[in-house]
Amino acid sequence: MTQAFGISLQRRSHLLRQELQDAVELPLYKRPMWLSGFLIYTLSNIIASTCTIGYLPIVILAPVGAIGLVFNAIFAKLVLGDPFTMRTILGTTLIVVGAVLVAGFAVVPEPNHDLQDLIQLYKRPAFIVYFTLVETLICVGLFLTHWIQYGLDRPDARPAAFAHLYRKPDLKAWLGISYGVFGANISSQAMLFAKSGLELLILTVFHHENQFIYPLTWILVLALVFSAVLQLYYLNRGVQLCDTIILVPLNFCSFNVSCLFNGLVYYDQWERLVWWQMIAVLLGIAVLIGGVLVISWQPGTFGGDTPTLTSYPPIHSHTYQHE
């Protein structure tokens, strides 16, 4: 609930800035509403991760996390003024059902490992190839997204060959989705580093086998911090451009699917994944995307039956006072 509230506050702050185009541009940390939302989201993430991962198995934790999608829709109404219609209720229901299928069946148990076990897992050719392909896809995707947004912000820098691209009315929303989806993939890597670090911490604290005397352990910690900060950065960029009621479910789905495949490849779990689990996950993805489409599909917005991503109604500038 608190994560959804924090993201909604960040989105509202960005919307207010867009309305006051003549206002002096303030850095994010000097904008009270955005800073409040960021701190609420970040602290709730840290507290939730520390407490729930320690006390709940992931098979229970992940479906419970899908309830956050319901709060996301509620705060879209309360904080952002998005109409809470039957379309929203139906779409949110489908999103939660799909998210529960993805999160509930995308779990394969794995025992704890020491540093030597983790090194062997990282050295496997299958993981190296997979990791290289994923990182290349993320880097290329983010480069293209940044490049397109640069042209959107600087009309004089737009290539003539892509002029039609910048005439699309929902370009900003799709750029936000791109940031959110790629950010979710980075977040799944942070989760992989966090799981590895937690295993080493458990061995150190409870089994008295200090794993933090090795430089590679600290490299894992640095990789965790870097990927965690990077995913927060891209989530914020996504929220700046796209409605949370669309971005958050897609981010959630991308994160869970990416975590599933990262775990399958990294821990070499393919033989432990049964066929009906994969079917349930694919079905969950389809249902979740269907729910997002139900919410975002607005026929006739531009004079025809062309689908478009919804936009929040204007927020009066007098509410901006202290932003």
Quick check: do [X] and [Y] have side-chain heavy atoms less than 4.5 Å from each other?
X      : Y      : value
Phe131 : Asn262 : no
Gln189 : Glu135 : yes
Val248 : Val239 : no
Phe226 : Leu230 : yes
His14  : Met33  : no
Trp34  : Leu9   : no

I need the [X] [atom1] to [Y] [atom2] distance, nearest 0.5 Å.
X      : Y      : atom1 : atom2 : value
Leu247 : Gln240 : CG    : CD    : 12.0 Å
Ser13  : Phe38  : OG    : CZ    : 13.0 Å
Cys242 : Leu250 : SG    : CG    : 7.5 Å
Thr145 : Ile138 : OG1   : CD1   : 11.5 Å
Phe127 : Leu192 : CZ    : CG    : 6.0 Å
Ser8   : Phe75  : OG    : CZ    : 7.0 Å

Taking all non-hydrogen atoms of both residues, which atom of [X] and which atom of [Y] are closest, and how far apart?
X      : Y      : result
Leu175 : Ile148 : CD2-CG2, 3.8 Å
Leu94  : Gly291 : CB-CA, 3.6 Å
Thr136 : Thr132 : OG1-O, 2.7 Å
Arg11  : Asp243 : NH2-OD1, 2.9 Å
Ile89  : Thr93  : O-OG1, 2.8 Å
Gly180 : Asn251 : O-ND2, 2.9 Å

Under 4.5 Å between side-chain heavy atoms, hopping through other hydrophobics if needed: is there a path connecting [X] to [Y]?
X      : Y      : value
Leu144 : Leu137 : no
Phe261 : Ile128 : no
Val79  : Leu39  : yes
Val97  : Trp276 : yes
Leu78  : Tyr41  : yes

So Tyr234 and His146, would you call those rings parallel, tilted or perpendicular, with 30° and 60° as cut-offs?
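Tyr234 and His146: perpendicular rings.
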
Start with the C-alpha gap between Met1 and Ile74, add the side-chain angles, then the distance that decides, and say whether side-chain contact (heavy atoms from CB on, under 4.5 Å) holds.
CA-CA 10 Å; Met1 181 182 69; Ile74 293 173; over 6 Å; no

Give every donor-acceptor pair under 3.5 Å between a side-chain atom in residues 154-163 and any protein atom, sequence neighbours left out.
residue, atom, partner, partner atom, Å
Arg154, NH1, Tyr150, OH, 3.3
Arg158, NE, Gly151, O, 2.7
Arg158, NH2, Leu152, O, 3.3

Tyr179 and Asn236: side chain donor to acceptor below 3.5 Å:
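No pair is found: no donor N or O on one side chain lies under 3.5 Å from an acceptor on the other.
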
Close aromatic pair by centroid cut-off 6.0 Å: Phe143 and Trp147:
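When the ring centroids of Phe143 and Trp147 are compared, they turn out to be at least 6.0 Å apart.
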
For Phe255, all residues meeting ring-ring contact (aromatic ring centres under 6.0 Å, His included), sequence neighbours excluded:
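Per chain and number, Phe255 pairs via ring-ring contact (aromatic ring centres under 6.0 Å, His included) with no residue.
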
Which residue pairs pass the salt bridge (Lys or Arg N to Asp or Glu O under 4.0 Å) test with at least one member in residues 221-240, sequence neighbours excluded?
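Every candidate salt bridge (Lys or Arg N to Asp or Glu O under 4.0 Å) pair involving residues 221-240 fails, so no pair, neighbours aside, qualifies.
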
